[in-house]
Amino acid sequence: MTWDITGMAAVANIGATPGEIFAALCAGQESRKPLMAFDPAKYRATYAYEIDDRPEAGGDLPLRATRWLTTVVRQAAADAGLGEDLAQVPVLVGTTMREQRSLELWWRDGAQVAVEDLHFGTALKAAFGACTTYTFANACSASLYALGMATDMIDLGLVDTVIVAGTDAATESGFGTLDRVQNDLPYALRPFDATHKGMLMGEGAAAVVVQRAGTSTGPVHARVRGVAMNCDAHHATAPDPDGITRAVRDAHARAGVRAGDIDLVMLHGSGTPLNDATESSVLRHLFEGAGTGPRMTAIKAMTGHTMGGSGLLSLVMAVLAMKSGTVPPVLGLADPIPEAAGLGLVQGDPAAGDLRLAQVDAFGFGGINAVAIVEAAR
């Protein structure tokens, strides 16, 4: 069983379309900026990967996550030829924070925010007539959880088409929490490099249109081969190697592939020492004996951690990598951690190759893991 991806859209700090974001990743230019929405004097970390769409420095607007969501849903639907009447198309949204930033602005500054506008479904119904919307708050794995639910809905015969999206805006409470709990001060997000010290927030949204195989009248960007999800509940923040291993193996089994078939891995790559070491160790074990192994990259080095939408953003970039035969490098990766020795991490310049199958990792707090396998449309 496969499912066709017929529409895609994304927005991040480095671009307003999937093509712009992918080009920026391949160019490999530093993208972090000084904090714009929060007072940097209050925090140790003074950088983030924010989208620069606020009217003035030091100010903020409510409902930015909702605005990006409606933007990417509109663009993905148009890309798939669906138009803007989505009354019969379910929209599944993955997020970490929902509209928590809007609540902060209401509480602190008296921003005008209606209770009903805190639900993504309100805007989706107003913009597209969407009658069936669901929000999944599954930490950093949320949008891949939503993708898995979409494939289940199609497989069960409930619908032929589902729009899957993810969106998150940086929140001051979330930024402040990370600032207090991370032992070292991260000046930049540096996945798998010996200098990595922790995670910095990013912002953005992504969306894909998923359809029953063969039902689209337009072009197919790629095909979902399988999505695995689990919650090992091992620890509030520390990843569990066994839980991640089970998720990857389940994804391979659902997709009907072996480790040696994977050409590209879009790593979770959060830049935290424990997460990077755990993901590296698991993948070294799983891909041991799989020939030269797949190429690997981690886009959070340029987008920051876009939270609930990060898995889907990585998936969209994986599709473009397979289309172009190009893997963007991991920005700032000069001295890989020992656990990553032998992995095909792309450093310095983009890597070229024939890419047919991609694995997308997303591992969240609380052991909420999701892994998707995507196949190039040839």
Side-chain angles (χ1 to χ4, degrees), residues 13-14 24-34 43-49 140 175 177-202 234-235 237-245 248 264-288 290 292-307 310 313-314 317 321 327-351 359-365 369:
N13 64 314
I14 53 176
L25 291 172
C26 290
Q29 297 179 352
E30 181 58 72
S31 59
R32 65 184 173 89
K33 293 182 179 180
Y43 306 104
R44 296 182 302 154
T46 58
Y47 289 93
Y49 299 81
C140 310
F175 188 91
T177 298
L178 287 172
D179 196 64
R180 295 297 184 269
V181 301
Q182 297 192 118
N183 293 329
D184 292 321
L185 176 63
Y187 290 96
L189 203 157
R190 289 290 178 258
F192 306 103
D193 192 78
T195 63
H196 62 176
K197 292 185 177 181
M199 184 180 83
L200 288 174
M201 279 188 171
H234 171 73
H235 189 273
T237 58
D240 177 28
D242 292 338
I244 291 174
T245 298
V248 176
L264 169 66
V265 177
M266 303 297 291
L267 298 156
H268 181 65
S270 66
T272 62
L274 188 55
N275 195 300
D276 287 354
T278 301
E279 186 173 13
S280 296
S281 298
V282 166
L283 294 182
R284 279 181 61 186
H285 175 69
L286 288 173
F287 288 103
E288 186 177 10
T292 57
R295 302 289 177 87
M296 300 186 183
T297 192
I299 69 172
K300 291 182 181 68
M302 284 190 64
T303 66
H305 197 326
T306 54
M307 296 175 281
S310 61
L313 181 58
S314 286
M317 294 302 105
V327 184
V330 183
L331 180 68
L333 181 58
D335 182 15
I337 58 176
E339 293 85 352
L343 295 180
L345 289 163
V346 179
Q347 299 175 243
D349 298 317
Q359 172 183 315
V360 183
D361 293 349
F363 309 129
F365 282 169
N369 307 310

(Q) If you apply the rule side-chain contact (heavy atoms from CB on, under 4.5 Å), what do you find for L286 with T245, and how did you get there? (A) CA-CA 8 Å; L286 288 173; T245 298; 4.0 Å; yes

**Q.** Verdict with reasoning, H196 to T272, per side-chain contact (heavy atoms from CB on, under 4.5 Å)
**A.** CA-CA 7 Å; H196 62 176; T272 62; over 6 Å; no

Q.
Walk me through whether N275 and H268 qualify under side-chain contact (heavy atoms from CB on, under 4.5 Å).
A. CA-CA 9 Å; N275 195 300; H268 181 65; 3.7 Å; yes

Q.
I'd like to know whether D361 forms a side chain to side chain donor-acceptor pair (under 3.5 Å) with Q359, so could you lay out the CA-CA distance, the side-chain angles of the two residues, the decisive distance to 0.1 Å, and finally the verdict.
A. CA-CA 7 Å; D361 293 349; Q359 172 183 315; 3.0 Å; yes

Q: Check the pair L264 / M296 against side-chain contact (heavy atoms from CB on, under 4.5 Å), numbers first and verdict last.
A: CA-CA 6 Å; L264 169 66; M296 300 186 183; over 6 Å; no

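Looking at heavy atoms from C-beta onward, V346 lies out of side-chain contact with P328 at the 4.5 angstrom threshold. In this structure, L283 and L267 have side chains that are in contact, with non-hydrogen atoms separated by less than 4.5 Å. Side-chain atoms of P34 and T46, non-hydrogen and from C-beta on, never get closer than 4.5 Å to each other. With a 4.5 Å cut-off on side-chain heavy atoms, L189 and M199 count as touching. Within the 4.5 Å cutoff, side-chain heavy atoms of P329 are placed close to those of P350. Counting heavy atoms from C-beta outward, T297 and L345 have side chains that stay 4.5 Å or more apart. Side-chain atoms of M266 and I299, non-hydrogen and from C-beta on, do get closer than 4.5 Å to each other.
Taking CE of M201 as the start and CG of L178 as the end, the distance is 5.0 Å to the nearest 0.5 Å. With rounding to the nearest 0.5 Å, the separation of OH in Y49 from CD in E30 is 5.0 Å. One distance of note links NE2 of H305 with CG of L313; it measures 11.5 Å at 0.5 Å rounding. The distance from the CZ atom of F287 to the CG atom of L343 is 9.0 Å, given to the nearest 0.5 Å. With values rounded to the nearest 0.5 angstrom, L25 atom CG is found 9.5 Å from L331 atom CG. Of the inter-residue distances, the one linking F363 atom CZ with C140 atom SG reads 11.0 Å to the nearest 0.5 angstrom.
One N or O on the side chain of S31 and one on the backbone of M302 form a donor-acceptor pair closer than 3.5 Å. A donor-acceptor pair under 3.5 Å is formed between the side chain of Q347 and the backbone N or O of L333. A donor-acceptor distance shorter than 3.5 angstrom exists from the side chain of D179 to the backbone of R44, with no hydrogens or angles considered.
Annotation: cation-pi geometry satisfied between R32 and Y47 (NZ/CZ under 6.0 angstrom from ring centroid, within 45° of ring axis).
Ion pairing of K300 with E279 is absent here, as no side-chain N (NZ or NE/NH1/NH2) approaches a carboxylate O to less than 4.0 Å.
Contacts of D193 classified as side chain to side chain donor-acceptor pair (under 3.5 Å), with partners at least two apart in sequence or in another chain: T195.
Taking both residues in full, the closest heavy atoms of M307 and G202 are given as CE-O, 3.6 Å, listed atom of the first, atom of the second, then distance. The two atoms that bring A48 and F175 nearest to each other are CB-CE1, 4.3 Å, heavy atoms only. For the pair V282 and P241, the tightest heavy-atom approach, listed with the atom from each and the gap, is CG2-O, 3.7 Å. Shown here for L274 and A238, the closest heavy-atom pair between the two residues is CD2-CB, 3.6 Å. Scanning all heavy atoms of the two residues, the minimum distance from G269 to F192 falls at CA-CE1, 3.6 Å. Among all heavy-atom pairs drawn from A301 and V330, the shortest one is CB-CG1, 4.3 Å.
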